[in-house]
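Keep in mind the model is a prediction, meaning the values are calculated, not measured. Just so it is clear: chains get the letters A, B, ... in the order the sequence lines come, proteins before strands, and each one is counted from 1.
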Protein chains: 2
Amino acid sequence: MPTKTYHIGVEATMEIIGGKWKSIILCHLRHRTMRTGELARAIPQISQKMLTQQLRELEAANIVSRHVFHQVPPKVEYALTDYGESLSGILHELCVWGEDNIDRRQANGEAITLLSRDDV
Amino acid sequence: MPTKTYHIGVEATMEIIGGKWKSIILCHLRHRTMRTGELARAIPQISQKMLTQQLRELEAANIVSRHVFHQVPPKVEYALTDYGESLSGILHELCVWGEDNIDRRQANGEAITLLSRDDV
DNA sequence: GTTGATGGTTACTTTTTGGTAAGTAGGGCA
DNA sequence: TGCCCTACTTACCAAAAAGTAACCATCAAC
């Protein structure tokens, strides 16, 4: 098996929380356990496919846990694992920095909106 | 002009530091001003094209400044702007978390290496 | 006048990522 | 009987990101 080589720590981090959706999902799970449908409603732009795909990858990385309730209709809950919680501070800062960035760009005349500001 | 809409702060942040290269470049510039060639040597996997492309985008976002010395052969220096410095804490944490993540995966038997650990 | 150093661009191809739409399961319920 | 609910999968296609390789400019030194 070929050894995977990283040159700098941030590479590994971005492999886990990078991409268009993972950090968004994690920012929501940071606040509370959520069902699949709740996440989908919280992230209206995401498709079913992307949502489950990203959740599977986060689960594989031991960042998110998946709890299936054997019911009909199905019920599945996602939450940060203990290890996932170790990202909580970073996720919070990423949210806050982004909010500030949007404020600046607005002040600068850009046509840009932030719909929910839940990390203030 | 259509208004750009974000749903959560982290979206804006990831638009700026996301992608395969930006956070790596920024982690290097966090320590000191660097010339193009220095960056290229510090990130051996990156191509000329990607390096300049990513630097241009970071410059457009006002995260990185570009200082051209009108000499032959050319000399160009890149540095974090004051605003870019506001990412410094986050970048540091992203590096440290990644280093820890690699440690865990190694302890877990994965064939994986981290070449330089400059953020301890 | 050829070579080298440095930073950069361009055209082209490949890889990765994301989007759409349809289908599955299984019990509840009218 | 047939449709609903929820979570999830699959096949297929489109778009975005990244990789490759060749090229340019300038002046200095040999």
Side-chain angles (χ1 to χ4, degrees), chain A residues 2 4-8 10-12 14-26 28-29 32-61 64-79, chain B residues 2 4-8 10-26 28-29 33-61 64-79:
Chain A
K4 174 139 208 177
T5 300
Y6 295 95
H7 290 76
I8 189 171
V10 71
E11 259 182 289
M14 292 312 257
E15 222 172 75
I16 291 176
I17 68 165
K20 188 168 175 181
W21 301 115
K22 297 219 181 75
S23 59
I24 299 177
I25 292 171
L26 292 175
H28 285 289
L29 290 181
R32 56 192 180 85
T33 292
M34 291 174 85
R35 294 185 57 177
T36 314
E38 282 184 293
L39 276 168
R41 280 185 295 277
I43 314 172
Q45 331 96 277
I46 204 174
S47 65
Q48 216 0 312
K49 174 191 157 191
M50 280 296 116
L51 181 57
T52 42
Q53 182 180 303
Q54 304 300 303
L55 284 167
R56 292 290 176 283
E57 291 176 18
L58 290 169
E59 205 191 341
V64 156
S65 67
R66 178 168 185 259
H67 182 354
V68 180
F69 295 81
H70 296 282
Q71 304 176 352
V72 171
K75 174 178 173 180
V76 179
E77 281 187 349
Y78 293 95
Chain B
K4 175 139 208 175
T5 300
Y6 295 96
H7 290 75
I8 189 170
V10 71
E11 258 183 289
T13 308
M14 292 312 262
E15 220 171 78
I16 291 176
I17 68 165
K20 188 168 176 180
W21 301 114
K22 298 220 180 75
S23 59
I24 299 178
I25 293 171
L26 293 175
H28 285 288
L29 290 180
T33 291
M34 291 174 86
R35 293 185 58 177
T36 314
E38 282 184 294
L39 275 169
R41 280 186 294 278
I43 313 174
Q45 334 95 278
I46 203 173
S47 65
Q48 237 321 347
K49 173 195 157 191
M50 279 296 117
L51 181 56
T52 43
Q53 182 180 303
Q54 303 302 304
L55 284 166
R56 292 290 176 282
E57 291 176 16
L58 289 169
E59 205 191 342
V64 156
S65 67
R66 177 168 185 259
H67 181 355
V68 180
F69 296 80
H70 296 283
Q71 305 177 352
V72 170
K75 174 177 173 181
V76 179
E77 281 187 349
Y78 293 96

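An angle of 30°, rounded to 10°, separates the two end axes of the helix from C:dG1-D:dC30 to C:dA30-D:dT1, each defined over five pairs.
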Polar atoms only, N or O, under 3.5 Å: list the protein pairs with nucleotides 24-30 of chain C and their distances.
none

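When heavy atoms are screened at a 4.0 angstrom cut-off, A:Tyr78 is found touching the sugar-phosphate backbone but no base atom.
For the side-chain hydrogen bond (donor to acceptor under 3.5 Å, both in side chains) condition, the pairs that include at least one residue of residues 17-26 of chain B, sequence neighbours left out, are B:Lys22-B:Gln54, B:Lys22-B:Glu57.
Sorted by residue number, the members of residues 38-52 of chain B with any non-hydrogen atom under 4.0 Å from DNA chain C read B:Gln48, B:Lys49, B:Thr52.
Rounding to whole angstrom units, CZ of residue B:Arg56 and P of C:dT10 are separated by 11 Å. Atom-to-atom, NZ of B:Lys20 to P of C:dT14 comes out at 17 Å; the value is rounded to the nearest Å. Distance B:Lys75 NZ to C:dG7 P: 9 Å, rounded to the nearest Å. Atom CD of B:Glu59 is separated from atom C1' of C:dG8 by 13 Å (rounded to the nearest Å).
Taking 4.5 Å as the limit, every side-chain heavy atom of A:Ile24 sits out of range of all side-chain heavy atoms of B:Met14. Considering only heavy atoms from C-beta on, A:Gln45 comes within 4.5 Å of A:Ile43 through its side chain. At a threshold of 4.5 Å between non-hydrogen side-chain atoms, the residues B:Leu29 and B:Leu39 count as touching.
Partners of B:His7 under the ring pair (Phe, Tyr, Trp, His ring centres under 6.0 Å) rule, at least two apart in sequence or in another chain, do not exist in this structure. For A:Glu38, the salt bridge (charged side-chain N to carboxylate O under 4.0 Å, His left out) partners are A:Arg32, not counting sequence neighbours. By the salt bridge (charged side-chain N to carboxylate O under 4.0 Å, His left out) test, B:Lys4 pairs with B:Glu15, sequence neighbours left out. For A:Arg41, there are no side chain to side chain donor-acceptor pair (under 3.5 Å) partners two or more places apart in sequence or in a different chain. With sequence neighbours left out, the side chain to side chain contact (heavy atoms under 4.5 Å, CB included) criterion links A:Ala79 to A:Thr33, A:Ser65.
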Check residues 71-78 of chain A and write down every donor-acceptor pair under 3.5 Å in which the side-chain atom is one partner and the other belongs to a residue at least two apart or another chain.
from, atom 1, to, atom 2, distance (Å)
A:Tyr78, OH, A:Arg56, NH1, 3.3
A:Tyr78, OH, A:Arg66, NE, 3.2

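Reading DNA chain D from its 5' end, the first and the last nucleotide to sit under 4.0 Å from a heavy atom of chain B are D:dA18 to D:dC27.
A sub-4.0 Å separation between OP1 or OP2 of C:dT6 and a side-chain N or O of B:Arg35 is absent.
Here the CE atom belonging to B:Met50 is positioned 11.5 Å from the CG atom belonging to B:Leu55, to the nearest 0.5 angstrom.
Along DNA chain D, the nucleotide nearest B:Trp21 and the nucleotide nearest A:Leu55 are compared for position; the residue whose nucleotide lies closer to the 5' end is A:Leu55.
Minimum heavy-atom separation, B:Ile46 to B:Ile25: CD1-CD1, 4.4 Å. Residue B:Ala42 comes nearest to B:Met34 through the heavy atom pair CB-CE, 4.0 Å, listed as atom of the first residue, atom of the second, then distance.
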